[in-house]
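We count ligands from 1, going down the list as the structure has it; atoms in each ligand are counted the same way.
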Amino acid sequence: MCGIVGYIGNREVSGVLVDGLKRLEYRGYDSCGVAIIDEGRPKVIRSVGRIGELEEKIRQTNPTDGSVKCGIGHTRWATHGRPSETNSHPHRDCTGRFYVAHNGIIENYLYLKHRLMGEGHAFATETDTEVLPHLIESYYAGDLEEAVRRALADVEGVYGIVVVSSEGDGPKIVAARNGPPLVVGMGSGENFVASDVPALLPYTRNVVFLQDGEMAVVSSDSVQVRNSHGECMCRPAETISWTAEMAEKEGYAHFMLKEIHEQPRAVRDTLRGRIGANDTVTLSPELHNPEILAGVERLQIVGMGTSLHAAQVGKFLIESLARVPVEIDNASEFRYRDPIIAPRSLLIGITQSGETADTLAAMKEAREKGAYLLSICNVVGSQAARQSDAVLYTHAGPEIGVASTKAFTTQLTALYLLALELAQLRGTMPEYEIQRHVRQLRDVPDQIQKILDQDQAIAELGAGFSQYSDFLYLARGINYPIAMEGALKLKEISYIHAEGYAAGEMKHGPIALIDSEMPVVVLAPQDAVYRKTMGNVEEVKVRDGIVIAVATEGDREISQKADYTFYIPDADPLVNPILSTIPLQLFAYYIASLRGCDVDKPRNLAKSVTVE
Ligand code: F6R
């Protein structure tokens, strides 16, 4: 997730670009930059940090004095290359004639980079994007659009790009899309490009959304959209009726709801580039030292809150697939118990932000005791990433809602991939079994989408439960951490008291609470412990408790016992935690929003807990 803007017209171009970037800052905010072509002269200004710092730099440089002005801008959410001024977009070719801002991932960039270096191109950054201006440079023969088309034909991956050049017979922006969104805004004597509508709303409401494979050539008085064969597409402009605030949330009432709905895309991005053509896992290059992982005798995972729940699911995944013993610790407890770090041990820190003080401290403690450190992290270049030997990025994109949603399901996906990679390295599973798991993972985004398509049914279910004051969440095995995660989601955003328990623990205390005022959410997918969980459902029912079940599609038995049943697609038991999370997120969301809670910013909570 990054934000892109482009402008061509008579306004003060840097002002329009900075204004657009500020409106897109929610898409990424570790560095930013603009490239402006002023009467054929390129000027590039970039900065690490927030847009305000870029604005100040621009003020000092006063970059334009020509008449028709053209420029592109970018706010970055780092994926390849740490956040730094050098790695900030727009990126340029060797000659300084071509500038590209990019949102997405060029999966074959290493191959292209080596090829281009062999042809004499000099690279300045660690980014995947930089291959694009060099490719355009190598194909340019007087026609920018053609050079961009040929460059993109070499690229594997996803992109929304804007390109400007000091070459050619007049200023123009070439924009192209394959995956990440791009929208062209039509003005009078001026035109705009952006990754998202909020950047355009102060200037125009007439827009054309580019489709995958399309390219737009934008000048101050025309917009031509062509498909991948170069054929002209006559697409009438649409009129946007959203407010700027609605547009940032793409029409969703809250960031949390938007982020819940982003999960098919987010999980796809976690998987992207990590699965080989023969359905095996290709994480080794990211693990830097796969031999260490192949030889580890013990593994420890630390995290806090939702990330701790991911760790608990990770234990099941890694132990069952790679057969290595895994110990889980709440990071805040870890270092105060003088933990034993055995030789040849690996510690994994799971943290969305990469800035959680307790998780960082636990990782430091383990490092001092000699562990190899791996972090599973969403924010590139964060503290956790910097202090680790290797990082597995989740690529969920910025998570704005304080309650973690897409960060969690992408952590589970990354852990699943890691467990499979460990199984491959350690030879604990035959290749055909690994391939079966990989194929299952490929199906997960569509399965999540199937659940999201039932959003309204969960909203109605939530409406019936918004006035209760206590909830119990029960599950067994790999779904037990999901019961705790479901309870955490409900309590943190709706302020309703909720507890997650291992279903087998119920008879050891919590059963005393059950009566007709106590809804019990039971996760009961059809797996090895299904019968045992059904026993718990009976126990709740005979005490007049209300059972809301999350069950496997086609399970008629449970719908006769539970008061309400929500079905998830029939999947492998190891996939179920990802799927059963989704209805629990939506359930908590709808209850909290009906109660009028500030869903995106629950009281007393912060997105990154940077103090102990
Ligand atoms: C709950 C939530 C928190 C975080 C926790 C750790 O919805 O978001 O429990 O999971 O504060 O944060 P990270 O993952 O950034 O280390």
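- Among all non-hydrogen protein atoms, the one lying nearest atom 12 (O) of ligand 1 is Thr356 OG1, 3.4 Å.
- Contact annotation: the side chain of Met363 approaches that of Ser388 to within less than 4.5 Å [non-hydrogen atoms, C-beta and beyond].
- Counting the atoms of ligand 1 from 1 in the order shown, those under 4.0 Å from a heavy atom of Ala403 are 7 (O).
- Of all atoms in ligand 1, listed by their number and element, those nearer than 4.0 Å to a heavy atom of Ser307 are 10 (O), 13 (P), 14 (O).
- Residue contact check: Gln352 has heavy atoms under 4.0 Å from atoms 13 (P), 14 (O), 15 (O), 16 (O) of ligand 1.
- Looking only at side-chain heavy atoms (C-beta outward), Glu286 and Arg274 come within less than 4.5 Å of each other.
- Nearest protein heavy-atom contact of atom 3 (C) of ligand 1 is Thr306 N, 4.0 Å.
- Considering only non-hydrogen protein atoms, atom 11 (O) of ligand 1 sits nearest to Val609 CG2, 4.1 Å.
- Summary of contacts: the protein heavy atom closest to atom 5 (C) of ligand 1 is Met304 O, 3.5 Å.
- Within the 4.0 Å heavy-atom criterion, neither part of Leu308 lies near ligand 1.
- To the nearest 0.5 angstrom, Leu308 atom CG is 10.0 Å from Leu488 atom CG.
- Taking the ring centroids of Tyr564 and Phe465, they lie under the 6.0 Å cut-off.
- Given atom 7 (O) of ligand 1, the protein heavy atom at minimum distance is Glu492 OE2, 2.5 Å.
- Of the N and O atoms on the side chains of Asp470 and His497, at least one donor lies less than 3.5 Å from an acceptor on the other residue.
- Each of the following atoms of ligand 1 lies closer than 4.0 Å to a heavy atom of Thr351: 13 (P), 14 (O), 15 (O), 16 (O).
- Between Phe408 and His309, the distance from one ring center to the other does not fall under 6.0 angstrom.
- Gln352 CD to Met304 CE: the interatomic distance, rounded to the nearest 0.5 Å, is 15.0 Å.
- Given atom 15 (O) of ligand 1, the protein heavy atom at minimum distance is Ser353 OG, 2.6 Å.
- Ring-plane geometry between Phe471 and Phe587 is classed as perpendicular, the angle between the planes exceeding 60 degrees on a 0 to 90 degree scale with a lower cut at 30.
- For ligand 1, the atoms lying closer than 4.0 Å to a non-hydrogen atom of Lys489 are 1 (C), 7 (O).
- Ring geometry, His80 versus His395: the interplanar angle falls under 30°, so the pair is classed parallel (tilted spans 30 to 60°).
- Counting heavy atoms closer than 4.0 Å to ligand 1, residue Glu355 contributes nothing at all.
- The shortest heavy-atom distance from Val402 to ligand 1 is under 4.0 Å.
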